[in-house]
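Every heavy atom of this structure was used, including side-chain atoms; hydrogens, water molecules and symmetry mates were not.
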Amino acid sequence: MNKIAGLLIVVSSMMAAQQQMSLSDCEEAFQKNNLQLLAEQYNINMADADILQAKIWELPQLSGQINAYNPEDHKIFDAGHAKGAQVTQLIYMGGKKKNEIAFAKSNKELAQLQFSQLLVDLRAQLRTTYYNLYYEQLKLENTNRQLGYMSDLLAAYKVQSAKGNVSLKDEVRLQSVVIQLNNDKIGINKNILEFEQNLKVLTGVTEDIEPKLSDSEAKSILAAQPFGDETELQKKALENNADYQYNLKLIDNSKLYAQWQKSLNVPDLNLGAGWDQNGGTFKNEVNLMVGIPLPLWKSNKGNVEKANFAIQQNQKNADFQKLNLETKVQSAYKTWKTQYDQLSQIKSDDLNNMDLVYNGMLSNFRKGNVSLIEFVDFMDSYRETALQIYDMKNGIIQSAEQLNQLVQTKIFY
């Protein structure tokens, strides 16, 4: 009784350590918990702080003076007869503050585009990992089913081989199939562990995630078609891809920066008022104070030239990103189309026939209607084909997700 209770505890703990989640569940957890996404959000907050800082003017300056030494009365610090005070304020000229604020606002737009691109990249990573895990688990289930039967068969042959009823050659032939199946299982399990770890990091869910995806949902995803050909998809990508939009916005940003740097060549005005008790023409004299640097040369000429070069550089980078994006979309579309067409050639009846023949071979081998050599050859061929079909299905979804990542708008219907 205690052993049964202990077994139930172990089973329940294993079930608790694994959580079945749909793709939408994973995406919701990702939005709430992903640390990279949460950290990137602060760049937008810091850009807001930069806008706030750009709007702040220099503080007014208050200065004062008192007499240090009165030579007539031979007094030190004769503040009673000679003192004064001035208040000055720096007045920005040439639209400096307006240009600085516009540049800061442009930086925020860049931060938002960077956040959008990171969101797209991480979500694509989440979705591709989810589907990778789903198909690896299907491969593991299929491999385990074959391995269970072949291991039992090998055990029986070992008993008969020891008795001399079957040849050692037949035992070794079965052993090679079991070894290959075990090797497949090791590779699949390694992939599953890697995908589970990635999902934990992406979603913030500490338990192992088991994909919750029905066969009908998987078939619907595989059957989805993109809206438009590669030319239409390229056009949509140029309109929606955040990384490309970032490079376009960077041109505007560098123009605003150049305009700001150019305005820094305009001299600023120092405006103020001063009061002097005895030092002026009149007693308790109040004066207007105006100060401006002499524009004998452009003090910010080098930064203006540097900013102009940045505009040209960002324009070239944007041209490169446009070509790069169009090429990637074209390649991703062709990859999806090729994989889709290949899988389309395999009809549902063909897949059903594979399972039918598999079950038939098992039944006929048990009845002695099929030789061991024929059975082993078929099992080896079936093993490879089953894995390849899962990889083909996964490949279609992976290439579709790459298209989604590039175009960044709904394209599959």
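The pair E100-K96 fails the salt-bridge criterion, with no side-chain N (NZ, NE, NH1 or NH2) lying under 4.0 Å from an Asp/Glu carboxylate O. A salt bridge links K108 to D48: one of the charged nitrogens lies within less than 4.0 Å of a carboxylate oxygen. Under the 4.0 Å criterion applied to side-chain N and carboxylate O atoms, R127 and E27 are assigned as salt-bridge partners. Note on E136 versus K139: salt bridge recorded, some NZ/NE/NH1/NH2 to OD/OE distance being below 4.0 Å. Remark: E326 engages K322 in a salt bridge, criterion side-chain N to carboxylate O under 4.0 Å. Under a 4.0 Å N-O distance rule, the pair K316/D319 does not qualify as a salt bridge. In summary, K219 and D215 do not engage in a salt bridge, as defined by a charged side-chain N under 4.0 Å from a carboxylate O.
Looking only at atom types and distance, the side chain of Q112 has no donor-acceptor partner in the side chain of N43 under 3.5 Å away. Side chains of D170 and S167: a donor on one and an acceptor on the other come within 3.5 Å. Checking Q405 against D121 by side-chain atom types alone, a donor-acceptor pair falls below 3.5 Å. Counting only N and O atoms by type, the side chains of N132 and N191 include no donor and acceptor under 3.5 Å apart. Side-chain atoms of Q388 and T385 include no donor-acceptor pair closer than 3.5 Å. Y340 and Q225 share a donor-acceptor pair across their side chains, judged by distance under 3.5 Å alone. Side chain to side chain, Q330 and T327 fail the donor-acceptor criterion of an N or O pair below 3.5 Å. Side-chain contact check for E285 and N287: at least one donor-acceptor pair (N or O, by modelled atom type) lies under 3.5 Å. Residues N144 and K185 have side chains that bring a donor and an acceptor to within less than 3.5 angstrom of each other.
Side-chain contact between T143 and L387 is present, with heavy atoms from C-beta onward closer than 4.5 Å. Using a 4.5 Å heavy-atom threshold, the side chains of K301 and V304 count as separate. In this structure, the side chains of V290 and N270 stay at 4.5 Å or more apart for every pair of heavy atoms. In this structure, the side chains of L213 and I221 come closer than 4.5 Å at one or more pairs of heavy atoms. At a threshold of 4.5 Å between non-hydrogen side-chain atoms, the residues S161 and K158 do not count as touching. N303 is not listed as a side-chain neighbour of L264, based on a closest heavy-atom distance of 4.5 Å or more. Looking at heavy atoms from C-beta onward, F30 lies in side-chain contact with L119 at the 4.5 angstrom threshold. In this structure, L174 and V178 have side chains that are not in contact, with every pair of non-hydrogen atoms separated by 4.5 Å or more.
The two atoms that bring N308 and A258 nearest to each other are OD1-CB, 3.8 Å, heavy atoms only. Taking both residues in full, the closest heavy atoms of N34 and L202 are given as ND2-O, 3.0 Å, listed atom of the first, atom of the second, then distance. Q125 and T129 get closest at one heavy-atom pair: O-OG1, 2.6 Å. The nearest pair of heavy atoms linking P226 to W336 is CD-CH2, 3.1 Å. Listed here is the closest heavy atom pair of P295 and P267: CB-CG, 3.8 Å. Of all the heavy atoms in D276 and Q65, the pair that sits closest is OD2-NE2, 3.3 Å.
Within a 6.0 Å sphere centred on CG of L38, other residues, nucleotides and ligands contribute more than 12 heavy atoms. Counted within 6.0 Å of NZ on K97, heavy atoms from surrounding residues, nucleotides or ligands total more than 12; the atom is thus considered enclosed. Residue-environment remark: CD1 (I76) stays at or below the threshold of 12 foreign heavy atoms within 6.0 Å. Around CG of L62, the count of heavy atoms belonging to other residues, nucleotides or ligands within 6.0 Å exceeds 12. Counting non-hydrogen atoms of neighbouring residues, nucleotides and ligands closer than 6.0 angstrom, the CD atom of Q61 reaches no more than 12 such neighbours. At most 12 heavy atoms of other shown residues, nucleotides or ligands fall within 6.0 angstrom of atom OH in Y42. Atom NZ of K83 has more than 12 neighbouring heavy atoms from other residues, nucleotides or ligands inside a 6.0 Å radius.
Shown are K200, Q197, Q20; of these, the side chain to side chain contact (heavy atoms under 4.5 Å, CB included) with D208 is made only by K200.
Sequence neighbours left out, the pairs with a member in residues 95-141 that pass ring pair (Phe, Tyr, Trp, His ring centres under 6.0 Å) are F103-Y257, F103-W260.
A donor-acceptor distance shorter than 3.5 angstrom exists from the side chain of Q408 to the backbone of A242, with no hydrogens or angles considered. A donor-acceptor distance shorter than 3.5 angstrom exists from the side chain of N33 to the backbone of A29, with no hydrogens or angles considered. At least one donor-acceptor pair under 3.5 Å links the side chain of N314 to the backbone N or O of A310. Side chain of N99 to main chain of G95: a donor-acceptor pair is present (N/O by atom type, distance under 3.5 Å, no hydrogens or angles). Between the side chain of Q339 and the backbone N or O of K334, no donor-acceptor pair lies under 3.5 Å. Listed for the S381 side chain is no donor-acceptor partner under 3.5 Å among the backbone atoms of F378. Panel note: side chain S254, backbone I251; a donor-acceptor pair is recorded below 3.5 Å. In terms of modelled atom types and a separation under 3.5 Å, the side chain of N241 and the main chain of A237 share no donor-acceptor contact. No donor-acceptor pair closer than 3.5 Å links the side chain of Q261 to the backbone N or O of N300. Under a 3.5 Å cut-off, the side chain of Q117 and the backbone N or O of D243 do form a donor-acceptor pair.
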As a quick check of understanding, evaluate side chain to side chain contact (heavy atoms under 4.5 Å, CB included) for Q180 and D184, giving each step before the final call. CA-CA 6 Å; Q180 185 59 58; D184 291 342; 3.2 Å; yes
Show the numbers, then the answer: is there a side chain to side chain contact (heavy atoms under 4.5 Å, CB included) between L271 and M289? CA-CA 6 Å; L271 189 64; M289 302 172 63; over 6 Å; no
Under the salt bridge (Lys or Arg N to Asp or Glu O under 4.0 Å) rule, what do E194 and K190 come out as? Steps first, then yes or no, please. CA-CA 6 Å; E194 180 183 347; K190 181 181 177 182; over 6 Å; no
Evaluate the side chain to side chain contact (heavy atoms under 4.5 Å, CB included) criterion for residues L250 and L110: first the C-alpha distance (whole Å), next the side-chain angles of each, then the deciding distance (0.1 Å), finally the verdict. CA-CA 7 Å; L250 204 56; L110 290 176; 3.6 Å; yes
What's the verdict on side chain to side chain contact (heavy atoms under 4.5 Å, CB included) for K236 and F227, showing C-alpha distance, side-chain angles and the deciding distance? CA-CA 10 Å; K236 285 180 176 290; F227 179 75; 3.9 Å; yes
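Ring orientation note: the planes of F365 and F375 are close to parallel, at an angle under 30° on the 30°/60° scale.
Considering CD of E401 and OG1 of T128, their distance stands at 7.0 Å, rounded to 0.5 Å. Distance CG/L90 to CE/M93: 10.5 Å, rounded to 0.5 Å.
Among residues two or more places apart in sequence or in another chain, the salt bridge (charged side-chain N to carboxylate O under 4.0 Å, His left out) test is passed with D380 by R383. Under the rule for a ring-ring contact (aromatic ring centres under 6.0 Å, His included), the partners of Y92 that lie at least two apart in sequence or sit in another chain are W57.
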